[in-house]
Amino acid sequence: MIGLGVGIDYALFLLSRHRKLLSEEVPVQESVRRTVASSGGAVVFAGGTVIIALSALMLGGFPLLRTLGWITGISVVCAVLTSITLVPALLGLLGHRVNALRVPFLGRNRDSSGWAGLGAWVARRPWQVLVASVVVLAALAAPAVALKLGPLDDGYATQGSPARRAYELMAVGFGPGSNGPMSVVAELPQPVAAADDPVVDQLTREITAVDGVAHVAPATLNTSGRAVLIQVIPSYAPSDTRAADVVRDIRAISLPGMKVHVGGKVAALTDAGNRISDRTPLVIGVVVLLSALLLLFAFRAPIVAVKAALMNLVSLGAAFGALALVFSIGLGSALVGMDAPASSSSLETLFFTVPIESYVPLMLFAVLFGLSMDYEVFLLTAVRQAYLGHRDNGRAVAEGLGSTGRVITSAALIMVAVFVAFIAYPDPMVKTFGVGLAVAIAVDATIIRGFLVPATMVLLGRLNWWCPRWLDRLLPNLSVEGHDEEAVATPSPVPHPPSGSGAFTRV
């Protein structure tokens, strides 16, 4: 579904550019060539940032994350290849018929969306817009402090499903911990002849004394007598954070010459959560660094590259805030199809909380960072092309927002529709993806790209495109706009460099 969403995004971006050129009476074949040369480069760079973010998941140390990252990355690669090959071919075959079949009640005025007016309005009052945007985004991200991570169990499955019914029957008949038994395996210092050996009895007593252990089954020896298996039933459900404490306490048992290991669903999820937590800073650092580096290659502007990476992190705050509000606080969990137990009170039903799997935030980070960078590349490409024409930064920001606002919001609306479909899936983990992705994309395409980014670019002025001479010499000669003759047909003189050690990059 992510591949479908980005594929539509990229095709829409190319189609918008092609239709603009056709409206300027550019011949069809020349329009297709210019579209691929300019907007096609933006699509390749945007897809590259998504692929970088997804590929970094292989550093998460969790097989599921690695698999999801590679599979989703492959779908994005296919979407990029399709956009720069099949889409231009279809545009050439359609010719002017691409504008056929008028949609009822919708006009064809490209400037009727109001984005150009919004861009000019933001450019006139950047400080007010910046402060208001920060306040709104802070309010959206504030609930994220209540985000509750933890494993999911079948107690959160669809009400009445076989898995949910079996879970509830087990919990009522044998205790909540019966749904998540633990397998304790101990390596003995020397072989023993029977399961009632004093060494094994001492281990059993130590396990029984652990707080939160409800039942300890009789020990079983292996054939060599060097290892013993004991099944332990905790007092808590698998999704209860106290069950993880039981795992840690049993592992902490210290007996002379004995190594104690704990397996089972609860132990596995606990280990996975710990490993992901340890690797999260590495994954975030790699994604932010490589994405900023790719933008630096594309626009040869270090301030723009760093600012873009930081802005993309802002939308994550809104996503995590929405997840905490719906699932951790429980406000709206019933609206997304989460069913509280039948014995719950009306208040518990209204605020039914659901833990969020520990790997979900990291996966959301990779996907959202890549998708947000898509919109950032599209907007920056338009602003830079306008800036090269007249060297007026405020005007360029307004024109860039006016030319891409409709495309970005249309693409975001498609992505939001795709991600909202996740919510209909019965699995709670998939629902969390749907809520987080839909909210983040909606916030990113409106508040961040429509207000926050333009306001900061207006305030930065010509510093947006500043690059030190030494860095300019080191950077490869790449361009996100490609070789669009229209964009460089009337080059403007390069402004005099400001005082200091840096200079504006000649484009």
(Q) Show, in sequence, the C-alpha distance, side-chain angles and deciding distance for T381 and F299, and conclude whether the side chain to side chain contact (heavy atoms under 4.5 Å, CB included) test is met. (A) CA-CA 8 Å; T381 301; F299 296 103; 3.8 Å; yes
Q. Can you check side chain to side chain contact (heavy atoms under 4.5 Å, CB included) on V418 and L437, steps first, answer last?
A. CA-CA 10 Å; V418 170; L437 291 171; over 6 Å; no
Q: In sequence, state the C-alpha distance, the side-chain angles, and the governing distance for L362 and F62, and then conclude on side chain to side chain contact (heavy atoms under 4.5 Å, CB included).
A: CA-CA 11 Å; L362 192 59; F62 193 45; over 6 Å; no
Q: Would you check, one step at a time, whether the test side chain to side chain contact (heavy atoms under 4.5 Å, CB included) holds for I329 with T353?
A: CA-CA 6 Å; I329 299 176; T353 60; 5.9 Å; no
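When all heavy atoms are compared, the tightest approach of P151 to L269 is CB-CD1, 3.1 Å. When all heavy atoms of S328 and I356 are compared, the pair lying nearest together is OG-CD1, 4.2 Å. In plain terms, the two heavy atoms of V420 and A438 that are nearest each other are CG2-CB, 4.0 Å. Shortest non-hydrogen contact noted between D444 and S372 is OD1-OG, 3.3 Å. Summarising the geometry of G3 relative to A79, their closest heavy-atom pair is O-CB, 4.1 Å, with the distance given to 0.1 Å. Residues V50 and G370 approach most closely at CG2-O, 3.2 Å, considering heavy atoms.
Looking only at distances, a side-chain donor or acceptor of R97 sits under 3.5 Å from a matching main-chain atom of L94. Listed for the D472 side chain is no donor-acceptor partner under 3.5 Å among the backbone atoms of P468. Checking side-chain atoms of K148 against main-chain N and O of A324 turns up no donor-acceptor pair under 3.5 Å. Under the 3.5 Å distance criterion, the side-chain polar atoms of T82 are matched with a main-chain donor or acceptor of C78. Between the side chain of S410 and the main chain of V407, no donor-acceptor pair closer than 3.5 Å is present. With hydrogens and angles ignored, the 3.5 Å screen pairs no side-chain donor or acceptor of R395 with any backbone N or O of R391. Between the side chain of S75 and the backbone N or O of T72, at least one donor-acceptor pair lies under 3.5 Å. Although no hydrogens or angles enter the test, the distance criterion places no donor-acceptor pair under 3.5 Å between the side chain of S16 and the main chain of L12. Looking only at distances, no side-chain donor or acceptor of S39 sits under 3.5 Å from a matching main-chain atom of V36.
The shortest distance between side-chain heavy atoms of R66 and L57 does not fall below 4.5 Å. Proximity of L474 to R469: side-chain heavy atoms (C-beta onward) are nowhere separated by under 4.5 Å. Proximity of L295 to V304: side-chain heavy atoms (C-beta onward) are nowhere separated by under 4.5 Å. The shortest distance between side-chain heavy atoms of E399 and H390 falls below 4.5 Å. The shortest side-chain heavy-atom distance between L459 and L130 falls under the 4.5 Å cut-off. At least one side-chain heavy atom of V453 sits less than 4.5 Å from a side-chain heavy atom of K307. Within the 4.5 Å cutoff, the side chain of V129 has heavy atoms near those of the W121 side chain. Contact of the P361 side chain with the L149 side chain is registered, since non-hydrogen atoms from C-beta on lie closer than 4.5 Å.
Taking the centre of each ring, F422 and F419 come in below the 6.0 Å mark.
Rounded to the nearest 0.5 Å, atoms CZ (R406) and CG (L413) are 13.0 Å apart. Going from atom OG1 of T49 over to atom CG of L290 covers 11.0 Å, rounded to the nearest 0.5 Å. Taking CD of Q128 as the start and OG of S133 as the end, the distance is 11.0 Å to the nearest 0.5 Å. Atom OG1 of T35 sits about 10.0 Å away from atom CZ of F13, to the nearest 0.5 Å. Put simply, CD on E357 and CD1 on I276 are 8.5 Å apart, with the number rounded to the nearest 0.5 Å. Going from atom CG of L22 over to atom OG of S31 covers 4.0 Å, rounded to the nearest 0.5 Å.
For the salt bridge (Lys or Arg N to Asp or Glu O under 4.0 Å) condition, the pairs that include at least one residue of residues 268-286, sequence neighbours left out, are R251-D271.
Between the side chains of Y387 and N464, no donor-acceptor pair is found at a separation under 3.5 Å. A side-chain donor-acceptor contact under 3.5 Å links Y167 and D153.
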